[in-house]
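Everything on this sheet refers to the single structure shown next.
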Protein chains: 2
Amino acid sequence: MTIESEDLAAPRKTGAALVDDLAEQIRNRIMTGEIPIGAQLRQAELASNFGVSRTPVREALRQLQTSGLIEVLPNKGAVVSVPAPWDVREAYEVRAELEALAAARAVRRITRDQIEQLRTANQEMYDHSMAQGASTVPAQHDHRRSNDLFHTLIASISGNARLSKAINDINETFPRNVSAQLVVNDARHRDENFHEHERILQALAEGDVAQAADQMRQHVIKAGEQLARWYELRSSTVFRG
Amino acid sequence: MTIESEDLAAPRKTGAALVDDLAEQIRNRIMTGEIPIGAQLRQAELASNFGVSRTPVREALRQLQTSGLIEVLPNKGAVVSVPAPWDVREAYEVRAELEALAAARAVRRITRDQIEQLRTANQEMYDHSMAQGASTVPAQHDHRRSNDLFHTLIASISGNARLSKAINDINETFPRNVSAQLVVNDARHRDENFHEHERILQALAEGDVAQAADQMRQHVIKAGEQLARWYELRSSTVFRG
DNA sequence: CCTCCCCTCATTGGATCCAATCTTAGGGTC
DNA sequence: GACCCTAAGATTGGATCCAATGAGGGGAGG
């Protein structure tokens, strides 16, 4: 309808939440690895990329800065944060505690239907990692989505929006192309992940609060450990100027 | 109506982290209640107030927006968030879990000196609330600082920077003039607060992980409950256009 | 050949400009 | 008097402008 000149990704011209929109899109590009870790974020480049001026881009970058995804060096511009392994471990210890709380709260609130939804999500995740070509990019994407769904579902069932947000905030600090590959790449990890989810599910179904929290905590800690190790070995995904 | 006094508060013209500085100062004004809950934040007013143009102010507001302290309504400007009581309860349940984790971790790392520091902070807090004129503004300020010190000390002893930050982020969502008054205003609350701190301290000293976590969790939940109740009754501290 | 310095260009950062939207006051109508 | 419509003022939001800082490159001196 309206003539969109240079914007490849649709930057909703609602005239309203444009800045939030930009932030979201830049965040996505980082999370998917399209913009690699350590890369410089040039205001002018992003601006022309989205077909806007630098002003809203700068505001979007400020948002990403406070959410911790990028770092802004005065007079030198923004770079995508490169999480140190110990930072990952610290963050995931926090996330583990939060998700454990979510699981514990979920026990009292979960319905049979929701248990089924979780089972489905977990099964889908497993299937995606078993299907042929599980190492292709779209398959990894599907796998990640199912895995995310499992966790976000439990968070939302917990009935505490703030808790969901806190968990999400931590997640969005670490680009996903990295974290997703962990599980898919390795058959053992993929299997373990599935079974850990099953154990959590069982605890939820049985109404065992302590067990649900414990299993979730261990599960997240383990995932964090894998992610941290990945960051230790990484080099291919880091942008080197 | 607006008396434009230029930069009353020193806006470090380091030319560098000016935006972060502005955000910090605006945050302070909100936290102290100088800018009340629900108040409109006019870009032009803030700009002339700090002696800068609107551009850095806008970026600072974006930071405060993502940290949740203010809300930005498209084309209508920024407003200091008015936390709903249930939001306070949710946030404090999260905070309770985080501080419980911090206390648990602190048990293994705390030194005798640090235990003494905590004891001192707690005693100071008590003294400030006992001194004559405890209801004066500066006394409340001192009381709050001692109380904060107690909590931030434990968080820092936990040795997990991310955890400290997560706790701090939650704290900075709810203006303090409000939360501080809770304890000081009521002799019973003041006493309970002191004794709860003592119990936490004892658990830390005895090396009782479970007890430290439990006591801290209960303590924070209780504080959250008081804060939530305050928000339910509030009306004096809310700005009404 | 290496090092240091200076010049130039790229980029950021604050200020300013102008369009778009919202708010509000005034006047007209029922 | 209540309601709506319109027009002017206020405010936000994106674009543009220019100063300031930083990075890179070439030349002079060692």
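Here is the naming used below: chain letters follow the sequence lines, and residue numbers restart at 1 for every chain. Note that the structure is a prediction, hence the values are computed from the model and not measured.
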When rounded to whole Å, the CZ to P distance for the pair R62(A) and dG14(C) reads 7 Å
How many Å lie between CG on L46(A) and C1' on dT11(C), as a whole number?
13 Å
Would you call K222(B) and E225(B) a salt bridge, using N to O less than 4.0 angstrom?
no
Sugar-phosphate only, base, or nothing, as touched by L61(B) at under 4.0 Å among non-hydrogen atoms
nothing
With the side chain of Q43(A) defined as its heavy atoms from C-beta on, choose the nearest nucleotide among dG13(C), dT16(D), dG14(C).
dG13(C)
For atom CG of L18(A) and atom P of dA19(C), their distance in whole Å:
19 Å
Any non-hydrogen side-chain atom of H128(A) less than 4.5 Å from a side-chain atom of R145(A)?
no
N75(A) has an atom CG; how far is it from atom C1' of dG14(C), in whole Å?
11 Å
Whole Å only: how far is the CG atom of D20(A) from the C1' atom of dG14(D)?
15 Å
With a 4.0 Å cut-off, would you call D20(A) and R62(B) a salt bridge?
yes
When you check the phosphate oxygens OP1 and OP2 of dT23(C), does a side-chain N or O of K76(B) lie under 4.0 Å from one of them?
yes
With no hydrogens and no angle check, is any side-chain donor or acceptor of R162(A) less than 3.5 Å from a backbone partner on A91(B)?
no
Between dG14(D) (C1') and R54(A) (CZ): distance, integer Å:
13 Å
Nucleotide dG13(D), atom P - distance to CZ of F50(A) in whole Å
19 Å
Nucleotide dT11(D), atom C1' - distance to CD of Q40(B) in whole Å:
10 Å
Phosphate OP1/OP2 of dG14(D) contacted by S53(A) side-chain N/O (<4.0 Å)
no
Does the base of dG14(C) carry an N or O that pairs as donor and acceptor with the side chain of R58(B) under 3.5 Å?
no
For T55(A) and G77(A), find the nucleotide of DNA chain C closest to each by heavy atoms; which residue's nucleotide sits nearer the 5' end?
G77(A)
Classify the ring geometry of H219(B) against H151(B): parallel below 30°, tilted from 30° to 60°, perpendicular beyond 60°.
parallel
